[in-house]
Amino acid sequence: MENAPILPIRAELAVTDLIPFGYDKERSFFALTLARPQWAEWKPGQFIMLRPNSWNCELTWARPFSICRVTPQSLVLFFQVAGRGTKEIAKLKPKDTVTVWGPLGTHFAVENKPTLLLAGGIGIAPFAGYVEQHPVQNQLSMFFSHRLPEQYYPVESLTRHIEVETRYEQKQEDLTGTIQTIRQKMEETAKKNGLVLACGPMPFLKTVWKNALELNVSAQLSLEQRMACGIGACLGCVSVTSALYPDKEKAGLPVQTCTKGPVFWAHELNLDAQ
Amino acid sequence: MENAPILPIRAELAVTDLIPFGYDKERSFFALTLARPQWAEWKPGQFIMLRPNSWNCELTWARPFSICRVTPQSLVLFFQVAGRGTKEIAKLKPKDTVTVWGPLGTHFAVENKPTLLLAGGIGIAPFAGYVEQHPVQNQLSMFFSHRLPEQYYPVESLTRHIEVETRYEQKQEDLTGTIQTIRQKMEETAKKNGLVLACGPMPFLKTVWKNALELNVSAQLSLEQRMACGIGACLGCVSVTSALYPDKEKAGLPVQTCTKGPVFWAHELNLDAQ
Amino acid sequence: MINMHTTLRAKNGSALELKTPVMSASGTFGYGTEFMPYGDISKLGAIIVKGLSLKPRAGNPLPRIAETPCGMLNAVGLQNDGVEAFISQKLPLLPASEVPIIANIYATSAEDFAELANVLSHEEKVSALEVNISCPNVKAGGVLFGQNPLMAGSIVQAVKKNAGSLPVIVKLSPNVTNIAEMAKAIEEAGADMISCINTITGMAVDIRSRKPLLANIVGGLSGPAVKPVALRCVWQVAQTVSIPVIGIGGIASAKDVLEFILVGASAVEIGTASFTDPAAIFKIIQDLPGLCEELGVKNLEQYRNSLITG
Amino acid sequence: MINMHTTLRAKNGSALELKTPVMSASGTFGYGTEFMPYGDISKLGAIIVKGLSLKPRAGNPLPRIAETPCGMLNAVGLQNDGVEAFISQKLPLLPASEVPIIANIYATSAEDFAELANVLSHEEKVSALEVNISCPNVKAGGVLFGQNPLMAGSIVQAVKKNAGSLPVIVKLSPNVTNIAEMAKAIEEAGADMISCINTITGMAVDIRSRKPLLANIVGGLSGPAVKPVALRCVWQVAQTVSIPVIGIGGIASAKDVLEFILVGASAVEIGTASFTDPAAIFKIIQDLPGLCEELGVKNLEQYRNSLITG
Ligand SMILES: Cc1cc2nc3c(=O)[nH]c(=O)nc-3n(C[C@H](O)[C@H](O)[C@H](O)COP(=O)(O)OP(=O)(O)OC[C@H]3O[C@@H](n4cnc5c(N)ncnc54)[C@H](O)[C@@H]3O)c2cc1C
Ligand SMILES: Cc1cc2nc3c(=O)[nH]c(=O)nc-3n(C[C@H](O)[C@H](O)[C@H](O)COP(=O)(O)OP(=O)(O)OC[C@H]3O[C@@H](n4cnc5c(N)ncnc54)[C@H](O)[C@@H]3O)c2cc1C
Ligand SMILES: Cc1cc2nc3c(=O)[nH]c(=O)nc-3n(C[C@H](O)[C@H](O)[C@H](O)COP(=O)(O)O)c2cc1C
Ligand SMILES: Cc1cc2nc3c(=O)[nH]c(=O)nc-3n(C[C@H](O)[C@H](O)[C@H](O)COP(=O)(O)O)c2cc1C
Ligand code: FES
Ligand code: FES
């Protein structure tokens with residue numbers, strides 16, 4: 001995040017594959033593979049904005065998705081159907097084209113120390129690339145809590161490289177267990193002077209955020225906010241910073257999640273202001 | 001048109017086929033085959049309203065199309081790409097579903113006398129069914145003027161049954177020829193105390209209408225107006241009647257083209273009021 | 001299945017009893033009979049018929065309608081056969097014992113409004129009046145009445161005085177600086193209920209022919225495109241008045257109906273959606289109880305105006 | 001290729017010279033630099049930056065934006081770092097010698113508007129002011145100024161007096177009963193140009209959580225859904241005033257640009273379309289000459305206001 005910014009580009013990309021991971025009456029999950037954009041560089045934690053070229057103007061905005069993985073041939077995203085837009089995206093077929101701009105935003109820190117990855121549900125998406133690109137994979141461990149069976153998520157691609165503890169939350173009580181596990185694992189990481197990286201729904205992130213402040217452990221959170229532009233122009237996606245935010249003029253004020261985030265240091269945020 | 005009204009129904013129908021007849025830089029032509037709706041009855045000249053079920057609310061209205069042909073298995077339409085809606089309809093694939101309501105409106109008269117069919121461009125659509133259903137096909141003859149090569153239109157299905165004279169209008173001068181031919185053929189029909197049926201663009205219909213009044217020949221015109229509902233409710237599609245309109249309360253006033261038409265007797269219309 | 005029965009209470013204590021809060025919007029449902037092939041019109045909350053005037057009106061020249069993104073423009077100009085023809089020819093065909101029939105009325109003066117009210121108040125098959133002071137497509141009266149609280153008030157008084165026991169609904173225009181102020185004036189003038197919104201004045205043109213898409217140049221915008229404006233208007237009006245508010249504007253699903261009830265509507269009208277699909281209103285009525293059940297809404301009156309704004 | 005050069009002449013004879021009539025709309029193009037990866041911002045007609053106030057403003061709480069059919073609602077509430085930070089940090093980054101930079105300004109009193117004008121009039125890199133008296137998302141000032149001809153007039157006078165030689169564009173709200181009347185008052189108060197429309201007040205709600213989709217409850221509607229309303233406003237204003245009119249509202253293609261020019265706009269601004277695709281404005285600028293050629297439009301000034309209404 002301290003380095004020179006990575007320049008985004010806009011590209012029209014062909015869909016090469018769309019693989020369903022699992023259907024549920026509420027949600028379905030897909031891996032979407034696109035032709036690789038001409039990116040010079042990208043870093044895990046960054047995201048893209050995506051809009052199918054077949055859309056007419058009824059749906060006004062593109063949709064933000066974490067970059068899951070980039071190969072020499074392709075850009076891979078992992079998404080769940082959440083509403084109207086993702087429902088349409090799930091209908092894409094090979095050779096359909098989409099407009100993508102990215103890579104956007106900040107990325108997760110890579111440090112040679114014990115690193116705990118905390119993923120909630122679809123928040124697992126950015127960690128696939130993070131783990132694969134990490135130079136010292138044996139420093140990494142993950143805790144993944146999810147509401148649907150494990151095979152709905154791209155867990156296998158992670159267990160190939162690192163140790164993953166998963167919790168399938170089926171009942172309300174399981175949530176309490178998740179919160180306890182997060183606390184306990186963050187305590188261990190704090191003792192080892194390690195790093196915590198978290199991505200998931202807002203209540204999940206708030207839990208991690210509170211623990212990070214209490215335990216004074218280095219932690220980064222990837223935030224999700226409604227986004228219209230993804231490039232800092234609309235001011236729709238802001239998150240409120242804490243007094244510790246390095247840009248003093250913005251400390252305690254709203255900053256764009258799409259350009260100053262989505263990955264923030266926990267202590268630089270004030271999630272209570274949301 | 002004097003008989004008991006034909007009750008329309010609304011149905012969701014599967015597309016069974018979409019056959020391109022020809023592409024041009026300006027227009028392309030298709031025969032669209034749908035599963036047959038459960039109609040008790042229909043008559044050539046009537047139309048349907050069609051809206052693909054995949055459309056979101058960006059395009060507000062269904063689109064009106066003449067019924068081209070109904071077989072025991074299927075409902076066949078013939079259409080050209082004219083704008084945004086027909087462009088989308090041209091992308092339909094087998095198994096896609098569309099919502100259709102019909103049969104709607106009035107139909108062409110069937111009389112055992114020399115009957116001249118005048119079709120301009122896509123106005124040929126309703127005549128396929130008319131000719132096939134006609135009890136005395138040797139009374140029928142057709143003049144068809146068109147701006148794109150003949151193979152773009154379903155002419156073959158007609159020449160199998162009746163004599164068709166075609167004029168391929170490539171230059172402005174050809175239009176003058178068309179107007180002369182229409183006059184001459186209508187004069188012949190007038191002499192034989194025959195019937196003229198016309199379907200085509202408004203300038204074409206105005207020519208026929210003027211001739212019909214001057215020559216005092218029985219003639220019916222199928223009018224095209226922008227339609228929102230197709231069932232008489234919105235009053236968007238009105239045509240102005242003449243003093244001779246049989247419903248005296250409506251004589252000289254606007255009436256719904258979708259329910260009182262689209263097929264009108266020429267002398268009951270006042271096309272100059274448009 | 002939760003009960004959708006809705007009571008719209010008028011000031012004099014009389015009430016419109018609706019099987020469901022979903023009615024047809026004037027000008028989009030003809031005289032009701034047009035929709036008989038597509039559903040059972042006696043299942044509607046009420047049938048609001050095409051706007052009626054004292055004398056027949058030919059309406060505006062063509063083109064009168066144009067499609068716009070998620071909506072449409074119309075400048076029909078209140079074409080109708082006049083109130084007498086309605087009473088003698090259309091009203092007898094309607095199942096008025098099973099579904100309330102509401103006459104939407106339009107005139108160019110308070111006197112004519114009064115006379116329309118008077119004529120219709122003697123018709124047993126008419127259950128209420130909806131006063132259109134918000135039509136943007138006519139030169140005289142129309143939205144001009146609806147943009148001036150004093151003028152609107154005097155029309156409401158004239159109608160009320162002549163409407164006998166019929167509840168009087170006044171239909172508001174969104175084409176005003178302050179719709180809450182208009183609503184207040186209309187409530188004070190004695191209206192029993194308010195419906196909103198009528199269409200928003202708009203325009204569309206063809207860059208090739210260089211002509212407007214409507215012969216009238218401007219027309220009224222309706223359909224899903226206006227739903228956010230309609231919701232805002234209903235919310236502002238419902239915060240201001242204590243008489244029932246009927247929501248209109250871009251409603252195309254049971255979900256949309258609940259949105260309007262959530263911001264304070266007691267009932268709703270379906271307009272443009274009936275063009276997109278003639279079965280739309282029947283489907284909305286059918287879907288509504290199930291959606292309520294899914295959301296745990298036991299009672300529409302409790303859900304109404306329950307927006308959490310804190 | 002026909003020349004797209006457009007001159008917007010101010011009352012004092014000075015002029016804004018634009019390479020193309022297509023500018024960015026305030027609040028949708030950040031400070032310009034955000035779009036550099038997606039096109040050459042010096043090719044724009046002008047860059048109108050995010051609304052500036054004297055002091056920094058934190059804006060409204062989240063959520064601030066919501067998607068609606070063919071449009072969106074926003075209640076950003078004019079978050080900005082203040083005019084000083086703009087001048088010291090943003091302005092130096094902009095290619096002002098190649099493309100006019102227009103500062104959009106907002107204040108809660110005529111005095112503050114005057115001071116903003118004064119501060120900006122000393123900046124060589126600023127080519128004009130656009131006065132926002134039409135923002136529906138702020139409690140003080142905003143659209144309230146734009147709904148009252150007297151108040152609007154006094155602000156225009158205050159800004160004009162302090163703007164030096166800078167042309168003053170006044171941005172109108174569609175949330176009024178009579179936009180032509182407002183435009184007339186603003187022209188008489190000395191405005192050099194008028195731009196319209198700002199957003200239409202709207203609302204969206206979630207039936208499950210029973211909460212508004214915006215923390216501010218109401219917000220401003222923009223995007224293709226509002227285009228018919230915007231075209232009507234521009235047409236009404238252009239019929240009324242003799243100063244240049246800049247069209248805004250739902251423009252997403254070169255065709256849309258010509259629609260606004262046809263009804264009387266001298267130039268246009270692209271807003272929400274820049275969110276749908278960050279390259280939208282560059283594509284529109286690129287497509288415009290070709291579309292003119294296709295239509296046989298030799299000259300934009302001749303095409304302007306050439307709507308055939310007879
Ligand atoms: C930086 C970032 C990265 C993301 N990465 C992923 C990912 O890798 N995989 C994945 O499945 N999802 C991801 N999401 C969430 C994803 O963008 C939303 O699920 C999606 O936009 C929902 O769109 P919809 O039209 O289906 O839902 P609707 O609810 O119909 O959308 C309405 C509006 O709300 C917005 N919205 C709805 N849910 C969310 C949400 N959770 N976060 C932000 N905006 C939302 C939509 O973008 C849209 O603008 C990410 C979000 C952000 C901000
Ligand atoms: C009774 C009737 C029968 C028809 N039969 C046929 C047929 O068999 N085959 C065929 O190809 N076309 C037929 N048409 C014309 C066809 O409906 C239009 O070409 C089509 O609606 C254009 O839609 P669009 O979205 O592609 O064009 P757009 O121009 O994008 O449409 C915009 C609006 O204008 C309306 N519109 C545009 N052109 C026409 C037109 N010529 N007539 C009426 N409304 C129009 C559309 O319905 C739509 O509401 C018929 C029209 C009518 C009224
Ligand atoms: C074609 C058409 C005709 C209309 N005629 C009338 C009318 O006669 N009287 C009236 O009060 N409103 C009339 N309206 C307005 C509608 O009743 C309704 O208020 C408006 O369309 C908004 O609702 P919607 O978005 O659901 O269509 C008409 C609307 C349309 C589209
Ligand atoms: C997110 C957002 C922020 C806006 N901020 C401003 C602003 O600061 N000042 C202003 O005058 N208009 C502002 N507007 C209004 C736009 O400039 C424009 O007038 C309006 O969006 C209509 O145009 P469109 O439909 O092309 O978006 C904003 C609009 C949006 C969507
Ligand atoms: S999404 Fe527009 S500023 Fe972040
Ligand atoms: S299309 Fe609605 S009345 Fe004919």
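When reading the values below, keep in mind they use all heavy atoms of this one structure, side chains included, and skip hydrogens, waters and symmetry mates. So that the names make sense, note that chain A is the first sequence line, chain B the second, and so on, each numbered from 1.
Interface check for chain C: of the options D:P212, D:A204, D:G296, the most heavy-atom pairs under 4.5 Å are formed by D:P212.
The side-chain contact (heavy atoms from CB on, under 4.5 Å) check on C:I194 picks up C:L172, C:A183, C:I186, C:V237, C:V241, C:I243, with sequence neighbours excluded.
In this structure, C:P228 and D:L221 approach most closely via the heavy-atom pair CG-CD1, 3.9 Å. Scanning both residues, D:M203 and C:L307, for their nearest heavy atoms gives CE-CD2, 3.6 Å. D:P69 and C:C70 get closest at one heavy-atom pair: CB-SG, 3.8 Å.
In this structure, chain D has no heavy atom under 4.5 Å from any part of C:L213. Interface residue D:V263: only side-chain heavy atoms are found under 4.5 Å from chain C. Only the side chain of D:L262 comes within contact range of chain C, with heavy atoms under 4.5 Å apart. At a 4.5 Å heavy-atom cutoff, the contact between C:V205 and chain D is made by backbone and side-chain atoms alike. Looking at D:I217, only its side chain comes within 4.5 Å of chain C, counting heavy atoms on both sides. If you measure heavy-atom distances from C:I200 to chain D, the contacts under 4.5 Å come from the side chain alone.
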**Prompt:** Step by step, would you call D:V229 with C:V229 a side chain to side chain contact (heavy atoms under 4.5 Å, CB included)?
**Reply:** CA-CA 12 Å; D:V229 179; C:V229 179; over 6 Å; no
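Counting only heavy atoms from C-beta outward, the side chains of D:I207 and C:L291 approach each other to under 4.5 Å.
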Tabulate, with distances rounded to 0.1 Å, every donor-acceptor pair spanning chain D and chain C at under 3.5 Å.
{"residue": "C:T177", "atom": "N", "partner": "D:T177", "partner atom": "OG1", "Å": "2.9"}
{"residue": "C:T177", "atom": "OG1", "partner": "D:T177", "partner atom": "N", "Å": "2.9"}
{"residue": "C:T177", "atom": "OG1", "partner": "D:T177", "partner atom": "OG1", "Å": "3.2"}
{"residue": "C:T201", "atom": "O", "partner": "D:R232", "partner atom": "NE", "Å": "2.9"}
{"residue": "C:T201", "atom": "O", "partner": "D:R232", "partner atom": "NH2", "Å": "3.1"}
{"residue": "C:M203", "atom": "N", "partner": "D:P228", "partner atom": "O", "Å": "2.9"}
{"residue": "C:I207", "atom": "O", "partner": "D:Y303", "partner atom": "OH", "Å": "2.8"}
{"residue": "C:R208", "atom": "NH1", "partner": "D:E294", "partner atom": "OE2", "Å": "3.0"}
{"residue": "C:R208", "atom": "NH2", "partner": "D:E294", "partner atom": "OE2", "Å": "3.3"}
{"residue": "C:R210", "atom": "O", "partner": "D:I308", "partner atom": "N", "Å": "2.8"}
{"residue": "C:R210", "atom": "NH1", "partner": "D:S306", "partner atom": "O", "Å": "3.1"}
{"residue": "C:R210", "atom": "NH1", "partner": "D:S306", "partner atom": "OG", "Å": "3.1"}
{"residue": "C:P228", "atom": "O", "partner": "D:M203", "partner atom": "N", "Å": "2.9"}
{"residue": "C:R232", "atom": "NE", "partner": "D:T201", "partner atom": "O", "Å": "2.9"}
{"residue": "C:R232", "atom": "NH2", "partner": "D:T201", "partner atom": "O", "Å": "3.1"}
{"residue": "C:E294", "atom": "OE2", "partner": "D:R208", "partner atom": "NH1", "Å": "3.1"}
{"residue": "C:E294", "atom": "OE2", "partner": "D:R208", "partner atom": "NH2", "Å": "3.3"}
{"residue": "C:Y303", "atom": "OH", "partner": "D:I207", "partner atom": "O", "Å": "2.8"}
{"residue": "C:S306", "atom": "O", "partner": "D:R210", "partner atom": "NH1", "Å": "3.1"}
{"residue": "C:S306", "atom": "OG", "partner": "D:R210", "partner atom": "NH1", "Å": "3.2"}
{"residue": "C:I308", "atom": "N", "partner": "D:R210", "partner atom": "O", "Å": "2.8"}

